[in-house]
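Working notes, structure below.
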Amino acid sequence: RKSRSLDIFFRKLYRVASLRLKLYCETLGLDERLRRQAWTCFEHSVTQPDGELFLEGRHLDQLLLCALYAVCKICAGRELSFKHIISQYLALPNRHRHTCRNVLIVRGDEAECQRFGPEERVTAVEKESACASGAVFEGRANIIRFYNLVYMPRMKDFILRFSPSSPAVEQPPLAEVPPSHTDSRPQRLQVPGTSDVYLSPLR
């Protein structure tokens with residue numbers, strides 16, 4: 001039952017993420033290779049051993065936008081500012097400033113949240129269980145702070161392997177982007193790091 005629940009979760013997550021990434025790449029005029037590099041970075045970020053913690057409390061778009069900015073800056077050397085990416089993102093229907101202005105930076109005790117600096121908004125949140133002791137605090141800031149303080153420290157070594165100056169043998173293989181609803185041939189993809197979790201197009 002747990003394996004099936006995980007399969008359903010990843011299938012929905014990948015489907016939504018691939019459709020959104022395709023839209024954002026088209027909006028920004030990015031080619032297929034950059035799209036696949038961004039997808040590979042996104043997939044790496046959520047399939048690491050603690051990938052679920054990277055997703056917890058954050059919007060899917062926050063990870064996708066960070067991946068797009070990273071590959072444009074490091075992989076392609078394009079002068080595409082984060083502010084431009086955000087402005088194009090917000091120009092799309094049903095996108096909200098809150099997604100880019102209120103990103104989880106850290107969750108823990110008050111001292112841990114405040115050590116990141118005064119720019120973070122530290123607030124107490126409800127305890128996740130009745131047996132937990134003490135208040136739980138969250139530090140939140142805008143997406144650029146999240147990219148600099150959380151995303152890049154976690155992803156930098158992996159993303160730099162895509163750099164044009166990186167030896168070809170060190171560059172990671174590009175992950176296959178799950179097919180969108182417009183793809184005619186269904187595909188079955190295995191979730192990295194698992195032996196029995198596959199993704200199939202939703203019908």
Side-chain angles (χ1 to χ4, degrees), residues 9-10 12-25 27-28 30 34-35 37-75 78-128 132 134-160 162:
F9 169 76
F10 269 104
K12 291 182 177 180
L13 174 72
Y14 274 42
R15 172 64 182 265
V16 172
S18 66
L19 289 174
R20 290 185 176 220
L21 183 63
K22 180 180 179 181
L23 173 62
Y24 303 154
C25 287
T27 301
L28 295 167
L30 305 180
L34 283 174
R35 178 189 172 202
Q37 288 175 331
W39 178 261
T40 303
C41 291
F42 165 76
E43 186 177 78
H44 180 76
S45 71
V46 299
T47 56
Q48 293 186 77
D50 59 346
E52 69 278 3
L53 298 179
F54 207 42
L55 277 169
E56 185 179 356
R58 298 187 177 105
H59 195 290
L60 181 63
D61 284 346
Q62 293 163 353
L63 302 185
L64 292 174
L65 294 178
C66 285
L68 282 170
Y69 176 69
V71 298
C72 287
K73 181 178 181 179
I74 295 174
C75 307
R78 291 189 53 171
E79 291 297 329
L80 196 64
S81 71
F82 218 141
K83 289 185 178 181
H84 176 72
I85 293 175
I86 293 172
S87 67
Q88 293 299 303
Y89 168 79
L90 293 176
L92 294 170
N94 301 317
R95 301 302 187 267
H96 306 286
R97 293 186 181 277
H98 181 81
T99 304
C100 299
R101 290 182 174 178
N102 190 43
V103 189
L104 177 65
I105 304 296
V106 62
R107 177 181 288 143
D109 58 36
E110 188 171 12
E112 183 179 5
C113 293
Q114 290 180 337
R115 72 183 176 86
F116 280 91
E119 292 186 43
E120 277 62 63
R121 298 180 295 278
V122 178
T123 57
V125 296
E126 292 184 4
K127 290 178 290 187
E128 295 182 359
V136 177
F137 291 83
E138 287 184 350
R140 293 178 174 269
N142 63 50
I143 193 170
I144 297 177
R145 291 279 290 173
F146 168 71
Y147 177 87
N148 290 327
L149 293 174
V150 180
Y151 188 85
M152 279 308 287
R154 176 190 177 97
M155 294 290 296
K156 184 177 181 179
D157 290 343
F158 181 79
I159 295 174
L160 285 177
F162 284 115

Leu34 and Cys25, any side-chain heavy atoms less than 4.5 Å apart: no
Chi angles and distances behind the side-chain contact (heavy atoms from CB on, under 4.5 Å) call for Tyr151, Ile159: CA-CA 11 Å; Tyr151 188 85; Ile159 295 174; 3.9 Å; yes
Minimum side-chain heavy-atom gap Leu65-Cys100 below 4.5 Å: yes
Using residues 89-99 as the side-chain source, report each donor-acceptor pair under 3.5 Å to any protein atom, sequence neighbours left out, with the distance given to one decimal.
unit_1: Tyr89; atom_1: OH; unit_2: Asp61; atom_2: OD2; d: 2.7
unit_1: Arg95; atom_1: NE; unit_2: Tyr24; atom_2: OH; d: 3.1
unit_1: Arg95; atom_1: NH1; unit_2: Pro93; atom_2: O; d: 2.9
unit_1: Arg95; atom_1: NH2; unit_2: Tyr24; atom_2: OH; d: 3.4
unit_1: His98; atom_1: NE2; unit_2: Asn102; atom_2: ND2; d: 3.1
unit_1: Thr99; atom_1: OG1; unit_2: His96; atom_2: O; d: 3.4

Shortest non-hydrogen separation from Ile105 to Ala141 and the atoms involved: CG1-N, 3.7 Å
Contact check, side chains of Tyr147 and Val103, non-hydrogen atoms, under 4.5 Å: no
Side-chain heavy-atom pair Met152, Ile74 within 4.5 angstrom cut-off: yes
Leu64 CG to Ile85 CD1 distance, which is reported to the nearest 0.5 Å: 11.5 Å
Inter-residue atom distance Tyr14.OH - Leu60.CG, 0.5 Å rounding: 11.0 Å
Aromatic ring pairing His44/Phe158, orientation class (parallel under 30°, perpendicular over 60°, tilted between): parallel
Worked verdict on Arg154 versus Phe54 for side-chain contact (heavy atoms from CB on, under 4.5 Å): CA-CA 10 Å; Arg154 176 190 177 97; Phe54 207 42; 3.5 Å; yes
Spacing of Asn142 atom CG and Ile86 atom CD1 [to the nearest 0.5 Å]: 7.0 Å
Least distance between heavy atoms, Ile143 atom then Cys66 atom: CG1-SG, 4.1 Å
Closest approach of Pro153 to Asn148 (non-hydrogen atoms, all atoms of both residues): CD-O, 3.4 Å
Ser81 versus Tyr69, closest heavy-atom pair with distance: C-CE1, 4.1 Å
Chi angles and distances behind the side-chain contact (heavy atoms from CB on, under 4.5 Å) call for Leu80, Gln88: CA-CA 11 Å; Leu80 196 64; Gln88 293 299 303; over 6 Å; no
Close side-chain approach of Leu30 to Arg35, heavy-atom, < 4.5 Å: no
Main-chain N/O of Leu104 paired with Arg58 side-chain donor or acceptor, under 3.5 Å: yes
Ser45 versus Met155, closest heavy-atom pair with distance: CB-SD, 3.7 Å
Which atom of Leu63 lies closest to which atom of Leu55, heavy atoms considered: CD1-CD2, 3.6 Å
